[in-house]
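A short worksheet on the structure shown next.
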Amino acid sequence: MKPNKSLIRKAHFLGTKIRNLRKRNRLTMEDLSARCVKVNADVAPSVSYLSMIERGKRVPSEEVLEIIAEVFQKDLNWFLDDVPEEAAITPNKGSRGGISGMALEPNFLFSNEILQIAIPEMLSQAGITGRQFAHLLIRAHQEHHQNHFPDLERSAEEVGQKRLPLSVDDLVAITRNMGLTIKWFNKTPQTVMDGMGMDTNSVVTSFFEPPNQIHINQLMKSQPQRLKYDLAVHIGHCVLHDKDGLKNVMVAGRNEVVPLPDGNQLNTSSVVEAQDILQAWRDFECSFFAGALLCPKVPFRQMLDRHGYEISTGKLAGVSESVAMRRMTAVSPYPHWHYFDAYAPGKLKAVYRGNGIPLPWGNMRMVEDPCQHWAVFRMINAPLQGTSSQISILNVGDEPRIYSCESIKVEDMAGNKHVLCAGIDLNPAIEAQGKDALSLATDLKQACVGSGGSANIPPSVKKDLMSVAKILNISWVERGIENPARLICSRGAVCPRDPSCYKSAV
């Protein structure tokens with residue numbers, strides 16, 4: 001269909017507007033083309049045609065423009081010359097999210113030499129072990145970089161050739177090509193058990209023994225998703241670390257050793273050992289590599305986009321819910337994500353906070369008063385099947401923020417039930433569309449306060465949130481908007497359901 005003459009006369013800045021919209025929403029041309037295909041596969045523009053439109057080399061037909069307008073939730077007339085473009089409100093490029101840092105003065109007290117001397121004594125007095133400290137360092141690094149590690153992505157893509165999905169046979173073939181052999185075991189060797197401080201709630205799933213042997217638990221034959229993940233981790237260990245290091249033991253289950261961000265675990269120790277820090281970092285690298293191998297960035301991002309970021313997309317990729325949800329945070333064009341893996345009553349196995357959301361409980365120790373209105377705790381104690389979506393309001397500093405999350409209850413190989421939760425901060429997405437996020441969040445908070453802590457989302461707020469959800473293309477955000485929003489706090493003891501920390505709003 002040819003563009004109509006009226007459109008051509010008023011389309012001088014159309015390409016610029018589309019480019020600004022695309023970049024404001026952090027989409028590549030490939031992303032935008034895929035979104036258009038989802039709206040209307042028959043008329044959707046190709047990547048090359050979008051490029052010509054943005055450069056002013058082509059004027060799209062009215063049908064194509066309607067598809068682009070649908071993707072960005074704009075009226076068709078907005079793209080024409082006589083409608084001014086709003087200022088491109090984007091998140092501060094200097095801010096990476098995650099844990100906030102602070103400038104420390106005088107600087108000489110925080111030199112490498114002084115810190116290396118002081119840290120062991122500091123950790124001893126604070127009751128934090130060297131392994132726990134390693135965990136915090138890795139998570140801070142991960143959040144500072146918003147889960148983007150291009151070198152690890154490239155290494156995984158070179159091995160897997162960006163194939164999606166990879167089968168167990170594919171991964172076994174990769175191990176053989178690397179000169180590795182696989183040996184199955186029924187009972188974990190006592191030397192491995194002793195080295196890991198195992199308890200009855202844990203299962204050793206596999207371990208690597210230098211120079212080239214991967215030992216795998218026979219139980220894994222009935223767990224192909226976990227088997228693929230373990231193989232991918234061991235492949236990463238060989239690629240990244242040249243098969244060097246300790247036994248590289250993989251554990252499933254909730255034991256009392258300190259968990260690392262992406263699922264591997266290490267024993268606690270009362271002293272800081274350089275080897276602890278190195279091994280913790282290597283385990284993180286291997287785990288990230290495994291996710292990138294099983295869910296390569298571009299193909300998995302496109303798969304998520306086609307399926308609205310549903311957790312069930314992991315089944316299409318042949319991976320567990322945990323791997324799928326963790327990879328969402330790394331491959332999504334929207335950077336403001338968090339991810340929790342929680343066991344009852346208040347123990348975290350994994351934490352990622354690229355959006356800087358405050359923790360509702362400690363992951364270095366159990367807490368007695370986690371706010372029970374967080375989605376992960378509601379699901380732990382509820383007999384729910386499938387997933388659960390929630391819109392939450394949380395004060396961060398003195399300002400309310402709107403969060404959306406999707407949670408699912410799962411069971412590990414040791415039979416322990418736990419809840420996985422992936423979520424996003426909606427305030428930056430609201431602001432990117434030229435809306436006042438603080439005003440919307442305040443209106444929603446007041447509605448919840450007036451209803452005792454939970455309320456249906458007011459129509460005016462709902463309209464703006466639904467528009468943002470469609471632009472983000474995350475289906476569970478849309479589902480959450482249809483449910484009552486909930487006030488949440490960082491600790492139950494400081495937020496009784498009067499609710500005391502929101503009294504100033506009423």
Side-chain angles (χ1 to χ4, degrees), residues 97-100 136 139 143 336-382 384 388-407 409 418-428 430 437-458 461 465 476-477 480-481 483-506:
I99 298 173
S100 298
L136 282 176
R139 194 182 75 207
E143 291 173 347
H336 306 280
W337 286 79
H338 64 262
Y339 169 79
F340 297 140
D341 182 355
Y343 286 77
K347 180 72 173 178
L348 282 182
K349 181 182 177 183
V351 180
Y352 168 69
R353 296 181 293 156
N355 56 19
I357 189 173
L359 286 176
W361 60 90
N363 66 314
M364 291 303 165
R365 53 184 168 77
M366 303 286 280
V367 296
E368 297 178 354
D369 63 336
C371 175
Q372 293 298 320
H373 300 281
W374 285 69
V376 288
F377 286 111
R378 291 180 58 236
M379 282 205 76
I380 281 175
N381 299 315
L384 296 177
S388 176
S389 306
Q390 179 171 316
I391 299 293
S392 305
I393 309 297
L394 173 67
N395 266 19
V396 180
D398 295 326
E399 295 184 353
R401 302 191 75 86
I402 305 175
Y403 293 94
S404 176
C405 68
E406 177 87 325
S407 304
K409 185 183 289 186
H418 55 117
V419 174
L420 308 173
C421 178
I424 60 172
D425 181 352
L426 284 172
N427 282 38
I430 295 167
L438 181 58
S439 177
L440 282 177
T442 300
D443 289 345
L444 185 52
K445 181 179 79 172
Q446 290 175 338
C448 290
V449 169
S451 299
S454 179
N456 291 326
I457 299 175
V461 176
L465 291 184
W476 42 264
V477 177
I481 293 169
N483 298 327
R486 291 175 177 265
L487 299 177
I488 59 175
C489 304
S490 58
R491 284 289 189 274
V494 298
C495 183
R497 290 301 272 183
D498 285 339
S500 64
C501 63
Y502 291 93
K503 278 183 177 177
S504 60
V506 295

Grab the two heavy atoms, one from I380 and one from A342, that are nearest each other, plus how far apart they are. CD1-O, 3.9 Å
Could you work out, with side chain to side chain donor-acceptor pair (under 3.5 Å) as the rule, every residue matching S407, not counting sequence neighbours? none
Measure up the F340 and W374 rings against each other and bin them: parallel (under 30°), tilted (30 to 60°), perpendicular (over 60°). tilted
Are H336 and I424 packed together at the side-chain level, in the sense that at least one heavy-atom pair is separated by less than 4.5 angstrom? no
So, does K445 use its side chain to make a donor-acceptor pair with the main chain of I393 at under 3.5 Å? no
Could you please spell out the steps behind the side chain to side chain contact (heavy atoms under 4.5 Å, CB included) verdict for D341 and H418? CA-CA 7 Å; D341 182 355; H418 55 117; 2.6 Å; yes
Are any non-hydrogen side-chain atoms of N483 and I391 less than 4.5 angstrom apart? no
Could I get the full list of side-chain contact (heavy atoms from CB on, under 4.5 Å) partners for D443, not counting sequence neighbours? S439, Q446, V461
Check: R353 main-chain N/O paired with E143 side-chain donor or acceptor under 3.5 Å: yes
I want to check something: taking the side chain as every heavy atom from C-beta on, are W476 and S404 in contact at a cut-off of under 4.5 Å? yes
Find out whether Q390 and E406 are in side-chain contact, i.e. whether some heavy atom of one side chain is under 4.5 Å from a heavy atom of the other. no
Quick one: do V396 and I357 satisfy side chain to side chain contact (heavy atoms under 4.5 Å, CB included)? Show the steps, please. CA-CA 8 Å; V396 180; I357 189 173; 5.8 Å; no
Looking at G423 and N355, what are the two nearest heavy atoms and their distance? O-ND2, 4.1 Å
Check: H338 and V351 side chains under 4.5 Å, non-hydrogen atoms: no
Taking side chain to side chain donor-acceptor pair (under 3.5 Å) as the definition, give me every residue that meets it alongside D425, ordered by chain and number, with sequence neighbours left out. R401
Just so I know, are the side chains of R139 and Y352 near enough to count as touching, which here means a heavy-atom distance under 4.5 Å? no
Tell me whether S454 contacts the main-chain N or O of P484 through its side chain, where contact means a donor paired with an acceptor under 3.5 Å. no
Identify the heavy atoms of A437 and N427 that sit nearest to each other, and give their distance. CB-O, 3.6 Å
Would a 4.5 Å heavy-atom cut-off, applied to side chains only, mark V477 and L426 as touching? yes
What I'd like to find out is whether the side chain of L420 reaches to under 4.5 Å of the side chain of Y339, using heavy atoms alone. yes
